[in-house]
K.L.:
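Sharing a structure here in structure tokens format.
Residue numbers begin at 1 in each chain, while the letters A, B, ... track the order of the sequences.
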Amino acid sequence: MQVATQPLTNLFLRALYYNVQRLGLHIHPYLQKTIRPLSASQPSSCSLVLGYLQLLFWSRVNDRESVHPSALMSSIKEWMHLVFDPSPLGLAIAIILALSIPIFLHTVVFRASGLTTLPTILLIGPSGSGKTALLTLFERENKPATTHTSQAPLTAECSLPVDTVAASNKYRSVNDPTNQVHKKFLLVDTPGHGKLRHHAFQNVTNTSNLRGVIFVVDATTLGAGEEGLREAADYLHDLLIVMQKLMGEGKSSKAPKELPILIAANKMDLFTALPAALVKSSLEREITKVRVSRSKGLLDSGVGLGDEQDEEKDDWLGEMGSEDFKFSQMEEFDISVEVAGGNVLGADGASTESWWRWKIGALRYNIHEAEIAVGKIGRKPRVAMELRRLKMTTIDVESLEKEGEKKESGAQAVSRKKRKTRDGKRGKIEISEGKEVINLDGSSTEDETASETESEDGGPARKKLKSSTEPSTPSQAKKDLEKIRTFKVLKVDWYYDSVKAGKILPMDGYLVYEGRPVQEPAQDLISTNASPPSRGSDILARAVADAKSSPSTAYMKHGNARYHKPTKSVTRPTHLLHQTTSEHDDPEKFPPLPDYLTKLYSCERPTPLHSPNDEFINLLKKIKTARQLNSDAIGVRAYSTLIASIAAYPYKLTSPTEVLRLPGCDQKTALLFQQYQQTGTLAEVTDVENDARMKVLLDFYNIWGVGDHTAREFYSRGWRDRDDIIEYGWERLTRVQQIGVKYYDEFLTPIPAAEVEDIGAVVLKEANEIIPGYQMVIVGGHRRGKPFSGDVDIMLTHPDPEATLNFVPLITDRLEELGWVTNVLQHSLANSARGQAPVAYKSPRPSGSGFDTMDKALVVWRDIRYDKAKHEKNPNIHRRVDIIITPWKTAGCGILGWSGGTTFQRDLRRYVRKVKDWKFDSSGMRDRRDGEWLDLEGSVVGWGEGKLREKEMKVFEMCGLAWREPWERCTG
DNA sequence: CGGCATACG
DNA sequence: CGTAT
DNA sequence: GCCG
């Protein structure tokens, strides 16, 4: 389908292009969706940027075919024929249409041209790398005369002739989007000599409309240990630092939104040249060295410890605390690094294709150049969301006006509220008593919003805008475009009507949103409910308050890309623990370390539910969650380990040195404790809690069915709260996610222990109604002694292996019929399946169906008992319940596997792997050497009272582990 | 410098 | 990729 | 982030 769409798309885009030309505009692409100009002579009064336009266009073409056979229609008639006449193609269109309805963005953007300076690309590199030759080559490849300025650095105005571009992308269609770029740009050569580097760096910071940097290196001089490599790495390191700082500053208007750098490995035609991949890795390795030596130099220069961290942070390239430098670390600062080989001179002529390709990418138009967007969307919050997704930050002029007129709770807040009530009304979630139904009805949000606009958001707000800023004649429209630097979103009808009229119409009546572009990376200026520091709720006020209250002062002072885009771990480099000699630090004075705390695996020690250091632990858990939301799985693992370790420590910690004794804890942990001891909190925790993005991610992450990945995914779509999900993404949620959203608050409500036991009793009773003789153990957090649980884990077992086989559907069906279970989120029956076809190549298991079932069902539960006199509907809240079925013979493993905290389980598995070379999971133990099932608990016979506990104890014993009560497995 | 628990839907 | 411990 |  994807393959088929491309050519069809272009047909329509070309039609659009034609019309835009008639209006005296010219088209440019956005998001790599575009078309090739039909004629070389383009009127350059305006340019047009398209975003996913084809969808809009398809639907509009269909909508309007009969409605107005306008200029638009007649002009694209030829393509309409092309497309619709052959029936297979017509069919394809219909299908595509159907599929694309739910897709959101329908934005066409264009801007007045001639306002901005030419985009610029800098040529930087050590002398002798071939920069000047490259510059000359690029000039030669460009037809128009180039002008040399005599001052150094050398500047050349180049242009990208369409032909050249197309030729360099032979494998691409001529209509390919990527051909649409700025056709003229400046190429600035900079001196390569070491002494003159600051010129180059000044260019980086001072050039307006800087689109990219080409760092030229001579690939023949980059062998390991060669001086050329060292010099190049040195230069590149400093250059990247400059770029990083520039990007980090963010708000200082000069900084581009992204700044790609191409490392052009020159002279690849020579056989002594290093391949591009090697150039990359050698440079990374060498920069790692440079980075270390630079930071050493700083350390030695003897600044105070406190300042030193900050100083260093500014001059440290890439990811804080990382051992190795990788170019990918620059992405955190929106700097993409590409290494590509080529040669300027050579027997077969120059080979610079990959460089051209990069350059085309760098010169592509983007939305930040745009001043007008048109689209199908008609309501402000929606516009705000689309702009968020495009990283286009603006401040609503309406809110600015309000600010000017002094307070009055902002219009934005009102419209926001309105939207929320509308959501309620829309009622995606319906309850039909008894059974609850998640309504999957996909009744197009799009159409709804489009038609609503007229009546709802239209009126007063728009008129107001019109009176203040709207021009009344087309020519004035253009003038105003150039005067007022605002970003406007218009309804697409403005475009169609303009086409119809054959001229640019005034924008009154079409304006959906108008905003002033903002430089700083403020995230939630337009629409948010995250972080409401000022209840006044005026957008601007909030923006300011945000900026003030936001991350800790250190953050702001060194304003760093990490603030808004912490993709990687963002820790500071580990410093040595500053040792002060006080009595508290005397190791002699520490309480004796219990022997179990010398053990590495948390399953080897008792870890109670509460520890004297709970406050510190809770802070560490927050860092752990932050690691999770920032996709740092290893960080999560590390924090889990050290949390489990501290949680097992029975004394109140008194000094950082004391922390160092604990397994899984080292310098970094000690420093954190020191900080906690001195300030009562942790800087990273404070930062995270003040981070609006993290708040949103956490809220999403708390939805059952949404993990960290999906949380980030939602965020990247521009969604900022669950209402956004419901309004813009409901149809795209999975069924369980919909349930998760629906019962969001209820699932987060703690379940008192008594209720947990009550639920367990109900499940056991019903199980015995089906097959008598069932036994039940409540596992999970409740078994560990938690007074409140997040969910209920019920484990059922039966002495008869036949009884537990495929029992899960029986019990869930029954509970569902009775009404206790309102939804089944998930069934697991794989162990049953595996039981039928066990590891065949080994000896048969001991009699019976050993590995038959360890099946489970994850369900939504609601108590069916309530006072019907008092309530019309069931007032009980929904609970998450896991029903787990284990066969008797592995019940000990099952209970063990479901009773410990996560870290306890992981460590148990690591332990049996290391000590016994076994593999544990809750359905049993296997030997890693032959895959054979091990009967650990077979020696426990009978099925009376206490036998299950005995079986569980037996498993500990067989593993060589001391028995730990369930409430000693609280590893967190 | 590699490894970090394990399984199922 | 989500869930469970 | 810590361990072997």
K.L.:
Which one, C/dG2, C/dA4, B/dA5, comes nearest to the side chain of A/His709?
P.N.:
C/dG2
K.L.:
Looking across every strand, which nucleic acid part, if any, lies under 4.0 Å from A/Arg783 by heavy atom: base, sugar-phosphate, or nothing?
P.N.:
nothing
K.L.:
Take atom CH2 of A/Trp704 and atom P of C/dC1, then tell me their distance rounded to the nearest Å.
P.N.:
17 Å
K.L.:
What integer number of Å spans the C1' atoms of B/dC8 and D/dG1?
P.N.:
29 Å
K.L.:
So what does A/Gly635 hit on the nucleic acid, given a heavy-atom distance under 4.0 Å: a base, only sugar-phosphate, or nothing?
P.N.:
nothing
K.L.:
Should A/Arg722 and A/Asp699 be marked as a salt bridge (Lys or Arg N to Asp or Glu O under 4.0 Å) after you check the CA-CA gap, both sets of side-chain angles, and the distance that decides it?
P.N.:
CA-CA 8 Å; A/Arg722 273 169 282 129; A/Asp699 189 71; 2.9 Å; yes
K.L.:
Does C/dA4 have OP1 or OP2 sitting under 4.0 Å from an N or O in the side chain of A/Ser828?
P.N.:
no
K.L.:
Counting side-chain heavy atoms from C-beta on, which of C/dT5, B/dC4, D/dG1 comes nearest to A/Arg637?
P.N.:
B/dC4
K.L.:
Return the value, rounded to whole Å, for the distance between atom CG of A/Leu671 and atom P of D/dG1.
P.N.:
11 Å
K.L.:
Check every atom of C/dT3, D/dG1, C/dT5 against the side chain of A/Thr669 and return the nucleotide holding the closest atom.
P.N.:
D/dG1
K.L.:
What is the distance from CZ of A/Arg906 to C1' of B/dC4, rounded to the nearest Å?
P.N.:
7 Å
K.L.:
Give a yes/no verdict on a cation-pi contact between A/Arg784 and A/Trp898, requiring under 6.0 Å between NZ or CZ and the six-membered ring centre and an angle within 45° of the axis.
P.N.:
no
K.L.:
If you look at every strand shown and take non-hydrogen atoms under 4.0 Å, does A/Asp907 touch a base, only sugar-phosphate, or nothing?
P.N.:
nothing
K.L.:
Please confirm whether the ring centroid of A/Tyr651 lies under 6.0 Å from the ring centroid of A/Phe590.
P.N.:
no
K.L.:
Using whole Å, what does the distance between atom C1' of nucleotide C/dT5 and atom CG of A/Asp882 come to?
P.N.:
9 Å
K.L.:
Could you go step by step and tell me if A/Phe807 and A/Tyr774 meet the ring-ring contact (aromatic ring centres under 6.0 Å, His included) rule?
P.N.:
CA-CA 11 Å; A/Phe807 186 68; A/Tyr774 263 98; 4.4 Å; yes
K.L.:
Does D/dG4 have OP1 or OP2 sitting under 4.0 Å from an N or O in the side chain of A/Lys914?
P.N.:
no
K.L.:
Between A/Lys668 and D/dG1, is there a side-chain N or O to OP1/OP2 distance below 4.0 Å?
P.N.:
yes
K.L.:
Please give, in whole Å, the distance from B/dC1 P to A/Ile634 CD1?
P.N.:
17 Å
K.L.:
Please tell me which of the listed nucleotides, C/dG2, C/dT3, D/dC3, lies nearest to the side chain of A/Asp666?
P.N.:
D/dC3
K.L.:
So what does A/Thr734 hit on the nucleic acid, given a heavy-atom distance under 4.0 Å: a base, only sugar-phosphate, or nothing?
P.N.:
nothing
K.L.:
So which nucleotide from D/dG4, B/dT6, D/dG1 ends up closest to the side chain of A/Leu600?
P.N.:
D/dG4
K.L.:
On DNA chain B, nearest-nucleotide positions of A/Thr902 versus A/Gln826: which is more 5'?
P.N.:
A/Thr902
K.L.:
So what does A/Thr641 touch, heavy atoms closer than 4.0 Å: a base, only the sugar-phosphate, or nothing?
P.N.:
nothing
K.L.:
Any side-chain N or O of A/Arg926 below 4.0 angstrom from OP1/OP2 of B/dT6?
P.N.:
no
K.L.:
Nearest whole angstrom, please: distance from the C1' of B/dG9 to the CG of A/Asn823.
P.N.:
17 Å
K.L.:
Distance check needed: C/dG2 P versus A/Leu733 CG, whole Å only.
P.N.:
13 Å
K.L.:
Write down the distance between CZ (A/Phe714) and P (C/dG2), rounded to a whole number of angstrom.
P.N.:
9 Å
K.L.:
Establish, with yes or no, whether the OP1 or OP2 oxygen of B/dA5 is under 4.0 angstrom from a side-chain nitrogen or oxygen of A/Arg909.
P.N.:
no
K.L.:
Quick check on DNA chain B: between A/His827 and A/Trp918, whose nearest nucleotide comes earlier from the 5' end?
P.N.:
A/Trp918
K.L.:
Look at all strands and tell whether A/Val736 reaches a base, only sugar-phosphate, or nothing, counting heavy atoms closer than 4.0 Å.
P.N.:
nothing
K.L.:
Which nucleotide in the list C/dA4, B/dA7, D/dG1 gets nearest to the side chain of A/Lys919?
P.N.:
B/dA7
K.L.:
Checking contacts here: which listed nucleotide (C/dC1, C/dT5, D/dG1) is nearest the side-chain heavy atoms of A/Thr710?
P.N.:
C/dC1
K.L.:
Which part of the nucleic acid, if any, lies within contact of A/Arg712, taking any heavy atom under 4.0 Å across all strands shown: a base, the sugar-phosphate backbone alone, or nothing?
P.N.:
nothing
K.L.:
I want to verify a distance call: between D/dC2, C/dT5, B/dC4, whose nearest atom is closest to the A/Trp898 side chain?
P.N.:
C/dT5
K.L.:
For the residue pair A/Phe700 and A/Tyr715, is the inter-centroid distance of their aromatic rings smaller than 6.0 Å?
P.N.:
no
K.L.:
Please tell me which of the listed nucleotides, C/dT3, B/dA5, B/dT6, lies nearest to the side chain of A/Arg913?
P.N.:
B/dT6
K.L.:
Would a line drawn from the ring center of A/Trp719 to the ring center of A/Phe714 be shorter than 6.0 Å?
P.N.:
yes
K.L.:
Which residues satisfy the side chain to side chain donor-acceptor pair (under 3.5 Å) test with A/Glu950, sequence neighbours excluded?
P.N.:
none
